Protein chains: 2
Amino acid sequence: MTASQPSTTAEELRGAGLRVTAARVALLDTVRDGDHLDVESIASGVRDRVGHVSLQAVYEALYALTAAGLVRRIEPAGSPARFEGRVGDNHHHVVCRSCGAVADVDCAVGEAPCLDASDDHGFSIDEAEVIYWGLCPGCSTTRSS
Amino acid sequence: MTASQPSTTAEELRGAGLRVTAARVALLDTVRDGDHLDVESIASGVRDRVGHVSLQAVYEALYALTAAGLVRRIEPAGSPARFEGRVGDNHHHVVCRSCGAVADVDCAVGEAPCLDASDDHGFSIDEAEVIYWGLCPGCSTTRSS
DNA sequence: TTCGTTCTCTTGAATGATTCAGGTTTATGA
DNA sequence: TCATAAACCTGAATCATTCAAGAGAACGAA
C-alpha cells in the first residue's frame, strides 16, 4: 500500500498530538456520524464499535479532542453537553425549547467573532456564540393542535 | 399614606399574579441590585434583608419570577445559572472564559429575535441569544504578563 | 374580622451530569 | 526491547438542581 494515506481518522488524532487508540478513533467517528450527541449517546456509539469503554474514558477523550479542536462542545441552557464534529466554520445553532433538538445554522457573517459587541466593556472577544431559540417543526404542530 | 403608590416592588409582584412576601420582595430587590448573581449569592442577599430563607424557596421564587418575566435567567456554558433584573430589552452578554465574569451588551439590532437564521430548519424562532466569549480586562492582563 | 383556599416556605432526600483519585494498561519514540 | 507519559480503568465525590410532603401564611370572600 502507499506509505502515506491522505488523512484518516487515526492520522488526524496523531496530527493533533494524541495517541491513536481504538476507543478514540471510534469516538471521533461516532461524533462525526452523529448529530449533536450527548455523552451517553457517544459512549454507546463507541461501545457499538469497539466493545467496552468506560464513561470516564469518554469524558477524558472528549475533553482532549475538544482541546485539540477536533470536536466542538455545545451546551444550551438546561441541556447536558453535546458534541459535534463540524468545527472551524463558526456556525451557530437552533434549539427547540420543548424537546431540546439542535440543528445547525450557517453563520451569515463569517469568521469568529462574527458580531461586534456594541460595547465590549474592555473584554477581548474572540467568539460570538449565537443560539436561536424556538420550537422545532414537530413541537410547534403539537403545541398548536 | 397615599392609597396608591406608583409601582413598588410589592405591587409588581402582585401585578404578576404572585403573592407578596417579604422573601420575594427581598429577592427581587437583591437581583436588581446585584450583577448577574448566582443562586447562592441571591440567597445570601435575601438573608441579609429578611433573615432566614431556605435555598429551595429561593429556587422556587426564581422560577416563578422568571416565568412572570420579572427576572431573566442566563446560563453560560460551564456556569451555574445566573439571574438579572434587566428584562424586556433583549440585550446580550459578554462572558470571560477565565473567571466567568458577565457584563451586559446592548443589542445593536433591536427586539427579539434580533437576528434571522440563514436557514431555520422549519423552527419557529422567537429569540436569538448572543454570548460574546473572551477575556475580561483583569484576566487578559494577568494572562499576558 | 374570620375563614378557607391555595400559594409559599420548610426540611430532608434524591437525581444527574461531571469531576476527582489512585492505580493499571498501553501506545510510542528512543 | 524498554521507559515514559498518555490513556484507561473502577469507584467515589461534588455540585447544582429538583422532588416530596407537610407546615405556615397571604388574601379574597363571607
Side-chain angles (χ1 to χ4, degrees), chain A residues 8-28 30-31 36-44 46-47 49-68 70-71 73-83 100 102, chain B residues 3-4 8-28 30 36-47 49-68 70-71 73-83 100 102:
Chain A
T8 62
T9 304
E11 284 172 27
E12 289 185 79
L13 286 169
R14 210 183 323 266
L18 301 169
R19 290 188 181 166
V20 177
T21 68
R24 293 194 166 187
V25 171
L27 185 144
L28 189 46
T30 299
V31 170
H36 308 101
L37 301 177
D38 61 21
V39 177
E40 278 297 343
S41 304
I42 293 168
S44 94
V46 172
R47 288 176 189 134
R49 294 169 200 242
V50 299
H52 173 88
V53 179
S54 73
L55 195 56
Q56 282 62 29
V58 173
Y59 271 101
E60 288 167 35
L62 285 170
Y63 179 88
L65 297 202
T66 302
L70 292 174
V71 303
R73 176 196 198 112
I74 62 171
E75 200 180 326
S79 265
R82 291 156 174 275
F83 294 83
V102 178
Chain B
S4 65
T8 62
T9 305
E11 284 172 26
E12 288 185 80
L13 286 168
R14 210 185 322 267
L18 301 168
R19 288 188 184 165
V20 177
T21 68
R24 293 194 168 185
V25 171
L27 186 143
L28 190 45
T30 299
H36 308 101
L37 301 176
D38 61 21
V39 177
E40 278 297 342
S41 304
I42 293 168
S44 92
V46 172
R47 287 175 190 135
R49 295 169 198 242
V50 299
H52 174 88
V53 179
S54 73
L55 194 56
Q56 283 62 29
V58 173
Y59 271 101
E60 287 166 34
L62 285 170
Y63 179 88
L65 297 201
T66 302
L70 292 175
V71 303
R73 175 194 200 114
I74 63 171
E75 201 179 324
S79 266
R82 291 158 172 273
F83 293 83
V102 178

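Everything numeric in this text was worked out from a predicted model, so none of it was measured. Residue numbers start from 1 in every chain, and the chains themselves are labelled A, B, ... in the order their sequence lines are given, proteins ahead of strands.
In this structure, Q56(A) atom CD and dC20(C) atom P are separated by 12 Å, rounded to whole Å. We find that CG of L55(B) is positioned 15 Å from P of dC19(D), with the value rounded to whole Å. Atom CZ in R47(B) sits roughly 12 Å away from atom C1' in dC9(C) (whole-Å rounding). E60(B) has its CD atom 15 Å from the C1' atom of dA16(D), to the nearest Å. For Y59(A) and dT14(D), the OH to P distance is 18 Å, given to the nearest whole Å. At whole-Å resolution of the value, NE2 in H52(B) and C1' in dA23(D) are 13 Å apart. Note: CG (L37(B)) to C1' (dA16(D)) measures 16 Å, nearest angstrom. For the pair E75(A) CD and dT17(D) P, the interatomic distance rounds to 12 Å; values are reported in whole Å.
Within the 4.5 Å cutoff, the side chain of L55(B) has heavy atoms near those of the E40(B) side chain.
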Passes side chain to side chain contact (heavy atoms under 4.5 Å, CB included), L70(B) versus L13(B)? Steps please.
CA-CA 8 Å; L70(B) 292 175; L13(B) 286 168; 4.1 Å; yes

Using side chain to side chain contact (heavy atoms under 4.5 Å, CB included), reason through V46(B) and R24(B) one step at a time and then give a plain yes or no.
CA-CA 8 Å; V46(B) 172; R24(B) 293 194 168 185; over 6 Å; no

Assess whether side chain to side chain contact (heavy atoms under 4.5 Å, CB included) is satisfied between T9(A) and V20(A), documenting all intermediate values.
CA-CA 9 Å; T9(A) 304; V20(A) 177; over 6 Å; no

L62(A)/V31(A) under side chain to side chain contact (heavy atoms under 4.5 Å, CB included): CA gap, chis, key distance, verdict
CA-CA 10 Å; L62(A) 285 170; V31(A) 170; 4.3 Å; yes

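With rounding to the nearest 0.5 angstrom, the CG atom of L65(A) is 12.5 Å from the CZ atom of R73(A).
F83(A) pairs in a side chain to side chain contact (heavy atoms under 4.5 Å, CB included) with only one of the listed residues (V39(A), L37(A), V58(A)), which is V39(A).
Of the two residues near DNA chain D, A81(B) and A57(A), the one whose nearest nucleotide lies more 5' is A57(A).
A heavy atom lying under 4.0 Å from DNA chain C marks the following residues of residues 13-23 of chain A, by number: R14(A), R19(A), V20(A).
For S54(A), whose side chain is taken as the heavy atoms from C-beta onward, the closest listed nucleotide among dT10(D), dT17(D), dT18(C) is dT10(D).
At the heavy-atom level, E40(A) lies nowhere under 4.0 Å from the strands shown.
Taking 4.0 angstrom as the limit, R24(B) places none of its side-chain polar atoms (N or O) nearer than this to OP1 or OP2 of dA26(D).
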